Trainee: 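Got a structure here, written out as structure tokens. Questions coming.
Chain letters run A, B, ... following the sequence lines, proteins first, then strands; residues in each count from 1. No experiment lies behind these values; they were computed from the predicted model shown.
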Amino acid sequence: MENKNMEFEKIISRYKLSSQPFDVGDDFETRVFSKIKRKKTQRKVTLSVSIGIVAAGFLFGLQAFLFHQPPTLRDRSAQSITNPTRVESNAKEEVPVMEDVVFSSSDSRASYAIEQVGYTQKDTI
Amino acid sequence: MKELIERLKNKDDEALKKVMKMYKNEVYNYICLMMGHKEIARDITQDTFVKVYFKIHTLRSENLRTWIFKIATNLARTELRKLKIKKIFSISEISDSEYLLGEDCPDNEIIAEQILARLPEKPRSAIIMKEIYDFTLEEIAVILNKPVSTVKSMVFRGFKQIRAAEQPQKGGIYGKQEYGI
């Protein structure tokens, strides 16, 4: 390191702190402040977009939650029809029938009727 | 200095102006030597102070100068990487860096600057910071994020390469390929 060449010493002395060979220019500060301003605006836009995305995500999640609720009372009564409990007595028992049963037919010629049914002991599962 | 840093942390524009006045030319000349291109160096110097403004809250020590040089070095290294990639994928030839000293300089000095510009980036920045900007090895280690021993060997190897490259230059032979720098 001690044998540094004279040319290299010259270039080093030329760049030494006391004599900076290049000047960065008069409008340097103005340019820096305009870059800062631009970056601040960019940050605001990014922040607004992020908030928008988060809000949209929240609304989407809320909607998905409302349409996929856990089983309600109505679902539980429907389940009781498909899996009836054992009937012990001989007497006919009323089986709850859902009121809002909906039928549909493609030719509108078929007719349907709902009547109450009961189980005898034979019928029981 | 502590008060100036506090003012900077409070986003005081006057404080930033003062910091720019203190360090802008120093940083600019350092980046000029690192990049070998005045326009790119000007851009990087501006970006350095923009980063100082936004990242000042991350400054832990009171050594503002070292911290600013660290930002400038990282930005310069990122830019050098981008330029390398551009060079690889570019169909047309990208011109070599313009040499900075100008026509009024003796040939020997221009050659010395070319040799410096062709050093690998880390030894180059270590040598520039140590020899021109009088940073201690410990400060350079902080700036380059390397152990002091690594910085020492970087500077040593850098000078070895400079000495090796200067010999064929004197004889009029271009020593870049021969000496691997």
Trainee: So, Lys35(A) and Tyr53(B): side-chain donor and acceptor under 3.5 Å apart, yes or no?
Mentor: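 Note: Lys35(A) and Tyr53(B) side chains miss the donor-acceptor criterion.
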Trainee: Check the hydrophobic clustering (I, L, V, M, F, W, Y; side-chain heavy atoms under 4.5 Å; chains of links allowed) and say if Met154(B) and Val142(B) are grouped together.
Mentor: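 Different clusters.
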Trainee: State, yes or no, whether a side-chain contact exists between Glu29(A) and Phe49(B) at a heavy-atom distance under 4.5 Å.
Mentor: no
Trainee: Just wondering, are more than 12 heavy atoms of other shown residues or ligands nearer than 6.0 Å to NZ in Lys21(B)?
Mentor: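 It does not: Lys21(B) NZ has 12 such atoms or fewer within range.
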Trainee: Check the surroundings of atom CG in Asn10(B): do more than 12 heavy atoms from other residues, nucleotides or ligands lie under 6.0 Å from it?
Mentor: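 Buried by this count: over 12 neighbours within 6.0 Å.
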Trainee: First locate atom CD1 of Ile36(A), then atom CG of Asp13(B), and finally report the distance between them rounded to the nearest 0.5 Å.
Mentor: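 Taking CD1 in Ile36(A) and CG in Asp13(B), the distance rounds to 7.0 Å.
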Trainee: To the closest 0.5 Å, what do you measure between OG1 (Thr30(A)) and CD (Gln46(B))?
Mentor: 10.0 Å
Trainee: Counting only heavy atoms from other residues, nucleotides and ligands, does the tally under 6.0 Å from CZ of Arg31(A) exceed 12?
Mentor: no
Trainee: Which pair of non-hydrogen atoms, one from Phe28(A) and one from Arg42(B), has the smallest distance, and what is that distance?
Mentor: CE1-O, 4.4 Å
Trainee: When you group the ILVMFWY residues by side-chain heavy-atom contacts below 4.5 Å and let the links chain together, are Leu62(A) and Ile53(A) in the same group?
Mentor: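 No; Leu62(A) is not reachable from Ile53(A) via cluster members.
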Trainee: Is the backbone N or O of Asn25(B) less than 3.5 Å from a side-chain atom of Asp23(A), with the two atoms forming a donor-acceptor pair by type?
Mentor: no
